[in-house]
Amino acid sequence: MKLFTVGPVEMHENILEMGKEQLPYFRTDDFSALMKNVEVNLKSALGASDNSKVAVLTASGTAAMEAAVSNTLTKEDKVLVISGGSFGHRFCEICKCYDIPYTELKLEFPRTLTRETLDKYDNLGYTALLVNIHETSIGQLYDIDMLSDFCKRNNMLFIADAISTFLSDPIEMDRQGIDLIILSSQKGLSLAPGLSLIVANEKIVEERINKTEKKFMYFNLVDYFDNMERGQTPYTPAVGIILQLNERLNNIIEVGVENVIKHSRDLAMDFRNRCKELPIEIPEYPKSNALTPIILPKKNAKEIFTIMKEKYNIYLTPSGGDIGEILLRVGHLGNLSISDNIDLIDKLKDVLI
Ligand SMILES: *Cc1c(COP(=O)(O)O)cnc(C)c1O
């Protein structure tokens, strides 16, 4: 089996090995020390300031999106949501659940988010921006500095889902003025699904998270931040994935975040270059290194997905909704190499030409 998906992705050998080990009991000083190591490495990898807070949630990425919204925003807010695909739309659905007023800035596929589009929302009283830096459903990467400028000049909170951009494209939380970042285990981190992470700066913790009324318990971030002071979580976490996260972050810090990003970029550039040999198109909008969206002019994306799976045991990433028949996504995350690209292109030639 070979995964060109966006999560779960091909895991590294040393992480796979860990999967068969007995899990330790976790209310111990040893486990606390490991959690503190995760916290330090994570902040370093994200360029987060030392006094930012980290919450390790045992839940998928959507839960972290919901926790971010429900812990920081209220009925008094006026939120702008960048909605360029299904993940952007999900933020709207979450706001709806919590009666948080929002505007959906909808980008019809394949429209690019430009400065001119954003300018129209200046000085309208918006208090927060919700955005998936990489809209994974179509592969569009938004310009973080552009979003950051927009938030600064409008005095808005900048809440960023970086789940599928982290470790594929550069991101620097503190320097780029991001107040809260959402991550998840199964994308660039290339771990098993089940863990998600929130990193919040001092401002959003003090002005929002510590003050908002919470009509829920499991996702009360104040409890997670308090427990993290001693390297713990309020409830039993996914201990096994935390051990793997610790190992993976150690590996990433050792080789350097910029080299992990470079690996993803090299794979993406190589793949896009080889795509010239195929009867497909690649959308023009700015793209993340995490994946390449490919358009199949014959509108047979679902069929090609199935053929690749059945015939070669290769998993591309199918798309949902209206674009499901024209768009496939090819992941460049996890333990993949250039020779995997070469093999994939060979087989796609077989199937498409
Ligand atoms: C994968 C992903 C999520 C999380 O999805 P889950 O299925 O809940 O883990 C959220 N946002 C983005 C941008 C993603 O790519």
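Indexing begins at 1, ligand by ligand and atom by atom, following the structure's order.
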Ligand 1 N/O within reach of Ser60 N/O, cut-off under 3.5 Å: yes
For atom 9 (O) of ligand 1, the protein heavy atom that lies nearest, with its residue and separation: Gln186 NE2, 2.8 Å
Which atom of Arg208 lies closest to which atom of Thr72, heavy atoms considered: NH1-O, 2.9 Å
Atoms of ligand 1 close to Met65 [distance to a heavy atom under 4.0 angstrom, numbered from 1]: 10 (C), 11 (N)
contact_flag Glu135 ligand 1 heavy-atom lt 4.0 Å: no
Nearest non-hydrogen protein atom, atom 2 (C) of ligand 1: Lys187 NZ, 2.4 Å
For the student: nearest non-hydrogen atoms of Thr317 and Val6, plus distance: OG1-N, 3.6 Å
Non-hydrogen atoms of Thr292 and Ala268 that approach each other most closely: OG1-O, 4.4 Å
Flag, side chain of Asn132 to backbone of Gly88, donor-acceptor distance under 3.5 Å: yes
For His134, atoms of ligand 1 separated by under 4.0 Å from a heavy atom: 13 (C)
Nearest non-hydrogen protein atom, atom 3 (C) of ligand 1: Phe87 CE2, 3.4 Å
Glu93 and Lys96 ion-paired at < 4.0 Å: yes
Ligand 1 atoms in contact with Gly61 (distance to a heavy atom under 4.0 Å): 4 (C), 6 (P), 8 (O), 9 (O)
Residue, atom name and distance, where the atom is the protein heavy atom closest to atom 5 (O) of ligand 1: Thr62 OG1, 3.7 Å
Proximity of Asp161 to ligand 1 by residue part, where a heavy atom lies under 4.0 Å: side chain
Proximal atoms of ligand 1 relative to Thr136 (non-hydrogen, under 4.0 Å): 12 (C), 13 (C), 14 (C), 15 (O)
Nearest atoms (heavy-atom pairs only) where Ser190 meets Arg248: OG-NH2, 3.9 Å
Ring geometry between Tyr218 and Tyr235 (parallel below 30°, tilted from 30 to 60°, perpendicular above 60°): parallel
Contact summary for Ala200 and Leu180, nearest pair of heavy atoms: CB-CD1, 4.1 Å
